Novice: 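Here you go, one structure.
These numbers come from a predicted model, not from an experiment. We're numbering straight along the sequence, starting at 1.
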Amino acid sequence: IRAALLGAMVSAAYPTCMRLWEVEGREALTKFLSTFLHYYIAVSLLVILVVSSIGGELMSFLASSKYRAGGEVVPLIIIGMTFQSMLMIAGVGLYIAKKTKIIMWLVLVGGVSSVVANYFLVPIFGIRGAGMSLVAVFLLLTIAYYYFSRDMVDLRFPTRALLVFVPLAGVAWLAAVNVQLQSDLATLVARTLLGSGVYCIGALSFDSVIRGKALEMLQRVRASRAR
């Protein structure tokens, strides 16, 4: 899921970042990154809410019912991977400036921190400790990448996007988890459709950026059909 959605978004954005820096400069890159992060937050929270609502059913469907308890760590894994996917964007200034030594040390510190965090958290919290370690390490790495990248790129975090999409994700998750059908597969499908549906309707209703992009895409489709 991370590779198909979040990873694909970042991989597609990175070449654009390099082109904007070389052709149009810092301000154009800053504007693009702010818009990209707005969409990234919207999509990542959609992924988190859907996967969180179907974690147990997903484990049961893909493996067997005896692994259902493992679903409790799925939300933490997805949140950690969300931060992991953000590293390339948070640290885009490091890549532009080719500060490979700083990147190497950050990766090394992240790896050591992961081992240490798992050593202390797993004995206390079990499998959830591994998920907590993943979230903590990649969150701190994202902050560190941004800190060392800030001299090159002014990355403006879209706080308003969080204020809109986090409550929407919470409402959609509550709606989805209250659905329980006879089979895990039916529950999985129903929760996915309901959660994503509620979230998308809310995003279109309360976020002007998403609504504007949706209208733009609709106009393009109508124009292509008119031809």
Side-chain angles (χ1 to χ4, degrees), residues 1-51 78-100 102-103 106-107 110 135-172 196 199-220:
I1 294 173
R2 183 193 69 85
L5 292 175
L6 305 180
M9 286 181 68
V10 173
S11 297
Y14 182 73
T16 303
C17 291
M18 295 298 152
R19 180 182 61 80
L20 287 172
W21 175 264
E22 294 173 359
V23 177
E24 300 184 38
R26 178 171 178 166
E27 286 300 319
L29 177 57
T30 298
K31 183 178 179 181
F32 169 78
L33 287 174
S34 294
T35 303
F36 172 79
L37 284 175
H38 193 100
Y39 292 125
Y40 184 85
I41 290 171
V43 174
S44 62
L45 282 170
L46 172 60
V47 172
I48 290 169
L49 87 87
V50 169
V51 175
I78 292 298
I79 293 171
M81 288 183 171
T82 298
F83 288 120
Q84 181 187 16
S85 295
M86 274 191 66
L87 290 179
M88 189 176 291
I89 296 301
V92 67
L94 292 175
Y95 295 100
I96 289 173
K98 296 182 172 62
K99 295 183 178 180
T100 53
I102 293 179
I103 296 173
L106 288 175
V107 172
V135 173
V137 169
F138 280 116
L139 172 59
L140 292 175
L141 273 178
T142 300
I143 295 172
Y145 269 63
Y146 165 74
Y147 177 81
F148 287 105
S149 179
R150 72 193 190 285
D151 291 337
M152 294 293 295
V153 178
D154 182 16
L155 188 61
R156 300 166 189 168
F157 193 80
T159 306
R160 183 182 175 278
L162 283 178
L163 297 176
V164 172
F165 295 120
V166 169
L168 280 178
V171 171
S196 57
Y199 183 83
C200 290
I201 291 172
L204 290 170
S205 301
F206 298 107
D207 186 73
S208 59
V209 176
I210 297 296
R211 185 167 59 251
K213 177 58 69 173
L215 290 173
E216 179 185 333
M217 294 174 64
L218 182 60
Q219 289 174 354
R220 289 182 179 178

Novice: For Phe138, give me all partners under side-chain contact (heavy atoms from CB on, under 4.5 Å), at least two apart in sequence or on another chain.
Specialist: Phe83, Gln84, Leu87, Leu134, Leu141
Novice: Applying the side-chain contact (heavy atoms from CB on, under 4.5 Å) test to Val135, which of Ile79, Ile78, Leu140 qualifies?
Specialist: Ile79
Novice: Does atom CZ (Phe157) have a neighbourhood of more than 12 heavy atoms from anything else shown, all under 6.0 Å?
Specialist: yes
Novice: Where is the tightest heavy-atom contact between Gly110 and Val137, given as atom of each residue plus distance?
Specialist: O-CG1, 3.6 Å
Novice: From Cys17 SG over to Phe36 CZ, what is the distance, rounded to the nearest 0.5 angstrom?
Specialist: 7.5 Å
Novice: Residues in side-chain contact (heavy atoms from CB on, under 4.5 Å) with Ser34, at least two apart?
Specialist: Arg156
Novice: Over all heavy atoms of both residues, which pair between Leu49 and Ala169 is shortest? Give the atoms and the distance, please.
Specialist: CD2-CA, 3.8 Å
Novice: With a distance cut-off below 6.0 Å to the six-membered ring centre and an angular limit of 45° from the axis, does Arg150 pair with Tyr146 as a cation-pi contact?
Specialist: no
Novice: Is it the case that the side chain of Tyr40 and the backbone of Thr82 share a donor-acceptor pair, with hydrogens and angles ignored and the cut-off at 3.5 Å?
Specialist: yes
Novice: When rounded to the nearest 0.5 angstrom, what is the spacing between CD1 in Ile103 and CE in Met88?
Specialist: 9.5 Å
Novice: Who are the side chain to side chain donor-acceptor pair (under 3.5 Å) partners of Glu216, not counting sequence neighbours?
Specialist: Arg220
Novice: Rounded to the nearest 0.5 Å, how far does CG of Leu45 lie from CZ of Phe165?
Specialist: 8.0 Å
Novice: Taking C-beta and beyond as the side chain, do Val50 and Tyr199 meet within less than 4.5 Å on heavy atoms?
Specialist: no
Novice: Could you walk me through whether Val153 and Arg26 satisfy the side chain to side chain contact (heavy atoms under 4.5 Å, CB included) test, starting with their C-alpha distance in whole Å, then the side-chain angles of each, then the deciding distance to 0.1 Å, before giving a yes or no?
Specialist: CA-CA 7 Å; Val153 178; Arg26 178 171 178 166; 5.7 Å; no
Novice: Indicate the atoms forming the closest heavy-atom contact of Ile41 with Ala161, along with that distance.
Specialist: CD1-CB, 4.1 Å
Novice: Return the OG1 to CG distance between Thr30 and Leu20, rounded to the nearest 0.5 Å.
Specialist: 10.0 Å
Novice: Rounded to the nearest 0.5 Å, what's the gap from OH on Tyr147 to CG on Leu94? Could you check?
Specialist: 12.0 Å
Novice: Could you measure the distance from the CG atom of Leu29 to the CD atom of Glu22? Nearest 0.5 Å is fine.
Specialist: 11.0 Å
Novice: Could you tell me if the side chain of Val92 sits less than 4.5 Å from the side chain of Tyr145, heavy atoms only?
Specialist: no
Novice: Among all residues two or more places apart in sequence or in another chain, which pass the salt bridge (Lys or Arg N to Asp or Glu O under 4.0 Å) test with Arg160?
Specialist: Asp207
Novice: Which pair of heavy atoms, one from Leu106 and one from Ala144, lies closest together, and at what distance?
Specialist: CD2-CB, 3.8 Å
Novice: Using a 6.0 Å cut-off, check whether atom CZ of Phe206 has over 12 heavy atoms from anything other than its own residue.
Specialist: no
Novice: Work out which heavy atom in Gly202 is nearest to a heavy atom in Leu168; give both atom names and the distance.
Specialist: C-CD1, 3.5 Å
Novice: Who passes side-chain contact (heavy atoms from CB on, under 4.5 Å) against Tyr39, sequence neighbours left out?
Specialist: Met9, Thr35, Val209, Ile210, Lys213
Novice: Grab the two heavy atoms, one from Met86 and one from Leu37, that are nearest each other, plus how far apart they are.
Specialist: CE-CD2, 3.9 Å
Novice: Answer yes or no: is there a side-chain heavy-atom contact under 4.5 Å between Ser149 and Leu155?
Specialist: no
Novice: Going by side-chain contact (heavy atoms from CB on, under 4.5 Å), name the residues that satisfy it together with Ala97, two or more places apart in sequence or in a different chain.
Specialist: Lys99, Met152
